[in-house]
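Some notes on the structure that comes next.
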Amino acid sequence: MKRPGILLAILYLIVIGCQAPSPNPSTASADYNDFPLLEATIDQLQTKMESGDLTAEEITLLYLERIEAIDNKGPGLNSVIEVNPDALSIAKSLDQERTEGKVRGPMHGIPVLIKDNIDTGDQMMTTAGALALTGNYAEKDAFLVQQLRAAGAVLLGKTNLSEWANFRSTRSSSGWSSRGGQTHNPYYLDRNPCGSSSGSGAALSANLCVVTIGTETNGSIVCPSTSNGVVGIKPTVGLVSRSGVIPISFNQDIAGPMGRTVADAATFLGALTGVDPLDPKSVESSDYALQDYRRFLTEDGLEGKRLGVWKSRLGFHEEVDSVMVKAFQAMEAAGATLVDIDELIPNMNELWGPSSTILEYEFKDGVNKPDQRYQGEKTEPMKP
């Protein structure tokens, strides 16, 4: 695997030491690695479609069958909250385009799953995992979903999550929602899949799709990526439009790609970006909204880069510490300079309280305006 460039360098923390999940000894004896698309990448699937070995419709059907086999049947992962009844027809239409010589780009015909707090103007609900929003069908796609469809992706379904993106209790169970139940980690079903994009991380790790979308306020892409052994990117706020996403924080929320390789995550990111007039931060990020981030996947990508590491957060588990230290050493060997965050921000641990207070105000304001999700700047002050 090539080392990522400046934009993706920090992802080494996530991918080092990750492998595909083995059959879970706590479940049935079936060989869950017996799957024709196991660990298939975007490029590999494009090659199969270009050669005629597989069609997008056949690929989509294989993933739908796998979801049915190991996600929905107990004890399963419970990572997919809803499948798209239009998935096969979408794939079939994209196959027709290919036969006519039209290929939209690297995502053409690639099945994706998205988190259930992102609007889709179709037959699927958008609920943030909450029973309170059961029956909520969005009138139109979120801007990022419009971008996905335009790129030729097959919207396979929606993933389970920590209800309300894990902003409902200080004692909430990571990966649990009242609508979808408990998401499980594909490595061991009784281990934490991490939230709030737990369904996106678990489904991707278990090869239920090619790539997924998560959303993050504080750690909700990178944590499930780490726990499920995949790659996640939290873009700078504004690079991916926030309109049509059920919010926690107007200033911190952002959707981002998740993939099994750095290359897939970078490819997928290019399909999500774009300037959305309804999101002022998106307009500000127009110079960085590229369609191809794979150019940053260079052999010397870490050379001369400064990366922050929060060393005082080590010490919770010796095996995790060992993996992290090896990652630090690998990054330094590749030319990066590591800077201890505690030396730059000595009071870092004291910032959690004020941060939580801000989120409480922003969450209440955002949920009270479901029809104005990030559609322009707020016109009135937030109220407690």
Side-chain angles (χ1 to χ4, degrees), residues 1-5 8 11-12 14-22 31-67 69-71 79-80 87-88 90-99 101-114 148 151-157 186 200-213 225 228-233 257-272 291-299:
M1 181 178 65
K2 292 185 177 181
R3 299 186 185 109
L8 305 175
L11 295 178
Y12 254 82
I14 299 171
V15 299
I16 287 181
C18 295
Q19 298 178 355
S22 298
D31 183 0
Y32 296 119
N33 287 335
D34 184 16
F35 179 55
L37 302 181
L38 190 71
E39 300 298 284
T41 66
I42 291 173
D43 286 346
Q44 288 170 344
L45 291 182
Q46 286 296 346
T47 298
K48 289 182 180 297
M49 287 187 283
E50 290 167 5
S51 67
D53 288 345
L54 284 173
T55 65
E57 185 178 11
E58 290 169 337
I59 291 170
T60 299
L61 181 59
L62 284 169
Y63 283 117
L64 288 172
E65 290 174 344
R66 186 165 172 86
I67 290 170
I70 71 173
D71 194 73
S79 63
V80 179
L88 287 173
I90 293 171
K92 187 175 181 178
S93 67
L94 290 165
D95 284 331
Q96 181 61 37
E97 287 187 12
R98 188 181 291 272
T99 62
K102 179 182 178 181
V103 177
R104 304 187 188 191
M107 290 301 298
H108 190 106
I110 300 296
V112 306
L113 288 166
I114 70 172
L148 272 183
V154 178
L155 190 52
L156 196 61
S200 296
L204 177 62
S205 183
N207 287 262
L208 304 187
C209 61
V210 188
V211 285
T212 61
I213 296 178
S225 295
N228 293 282
V230 297
V231 178
I233 303 174
M258 300 167 73
R260 284 188 296 272
T261 68
V262 174
D264 274 4
T267 300
F268 194 26
L269 178 61
L272 300 177
Q291 292 185 324
D292 184 7
Y293 291 90
R294 291 175 296 182
R295 71 183 73 172
F296 300 107
L297 303 182
T298 59
E299 290 287 349

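Remember, predicted model here, so these are calculated numbers, not experimental data.
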Checklist entry - What is the minimum heavy-atom distance between Val210 and Ala40, and which atoms define it? => result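 Result for this residue pair: CG1-O, 4.2 Å.
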
Item to check | Where Thr60 and Ala87 come nearest, the two heavy atoms and their spacing | outcome: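 Taking every non-hydrogen atom into account, CG2-CB, 4.0 Å.
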
Item to check | Set of side chain to side chain contact (heavy atoms under 4.5 Å, CB included) partners for Asp34, sequence neighbours left out | outcome: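 Side chain to side chain contact (heavy atoms under 4.5 Å, CB included) list for Asp34, sorted by chain: Asp31.
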
Item to check | With sequence neighbours excluded, residues passing side chain to side chain contact (heavy atoms under 4.5 Å, CB included) with Ala151 | outcome: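 Ala151: side chain to side chain contact (heavy atoms under 4.5 Å, CB included) contacts with Met107, Ala271.
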
Looking at [atom1] of [X] and [atom2] of [Y], how far apart are the two atoms once the value is rounded to the nearest 0.5 Å?
X	Y	atom1	atom2	result
Leu54	Thr47	CG	OG1	11.5 Å
Leu37	Tyr63	CG	OH	4.5 Å
Cys209	Leu156	SG	CG	6.5 Å
Thr41	Ile110	OG1	CD1	8.5 Å
Met258	Asp264	CE	CG	13.0 Å
Ile213	Leu148	CD1	CG	4.5 Å

Item to check | Side chain proximity check, Leu88 to Leu64, heavy atoms < 4.5 angstrom | outcome: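 With C-beta onward as the side chain, the pair touches.
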
Item to check | Val112 and Leu155, any side-chain heavy atoms less than 4.5 Å apart | outcome: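 Touching, per the 4.5 Å side-chain cut-off.
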
Checklist entry - Asp292: what forms a side chain to side chain donor-acceptor pair (under 3.5 Å) with it, not counting sequence neighbours? => result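 With sequence neighbours excluded, Asp292 shows a side chain to side chain donor-acceptor pair (under 3.5 Å) to Arg294, given in chain and number order.
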
Item to check | Residue list, side chain to side chain donor-acceptor pair (under 3.5 Å) with Thr212, at least two apart or on another chain | outcome: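 Result, side chain to side chain donor-acceptor pair (under 3.5 Å) vs Thr212: none returned.
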
Checklist entry - Going through the checks in order, is the side chain to side chain contact (heavy atoms under 4.5 Å, CB included) test met by Leu208 and Phe35? => result CA-CA 10 Å; Leu208 304 187; Phe35 179 55; over 6 Å; no

Item to check | Reference residue Met49; test side chain to side chain contact (heavy atoms under 4.5 Å, CB included); the match among Arg98, His108, Glu58 | outcome: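 Considering Arg98, His108, Glu58, a side chain to side chain contact (heavy atoms under 4.5 Å, CB included) with Met49 is found only for Arg98.
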
Next on the checklist: Can you tell me which residue among Asn207, Asn228, Val211 is in a side chain to side chain contact (heavy atoms under 4.5 Å, CB included) with Arg260?
Outcome noted: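 Looking at Asn207, Asn228, Val211, the match for Arg260 under the side chain to side chain contact (heavy atoms under 4.5 Å, CB included) is Asn207.
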
Item to check | Partner residues of Arg66 under the salt bridge (Lys or Arg N to Asp or Glu O under 4.0 Å) criterion, sequence neighbours left out | outcome: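 Counting only residues at least two positions away or on another chain, Arg66 forms no salt bridge (Lys or Arg N to Asp or Glu O under 4.0 Å).
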
Checklist entry - Sequence neighbours excluded, which residues qualify as salt bridge (Lys or Arg N to Asp or Glu O under 4.0 Å) partners of Glu97? => result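 With sequence neighbours excluded, Glu97 shows a salt bridge (Lys or Arg N to Asp or Glu O under 4.0 Å) to Arg104, given in chain and number order.
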
Checklist entry - Any chance CD of Glu50 has more than 12 other-residue heavy atoms, nucleotides or ligands included, within less than 6.0 Å? => result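 Yes, enclosed.
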
Checklist entry - Between Tyr293 and Ile233, does a side chain to side chain contact (heavy atoms under 4.5 Å, CB included) hold up when you go through it step by step? => result CA-CA 12 Å; Tyr293 291 90; Ile233 303 174; over 6 Å; no

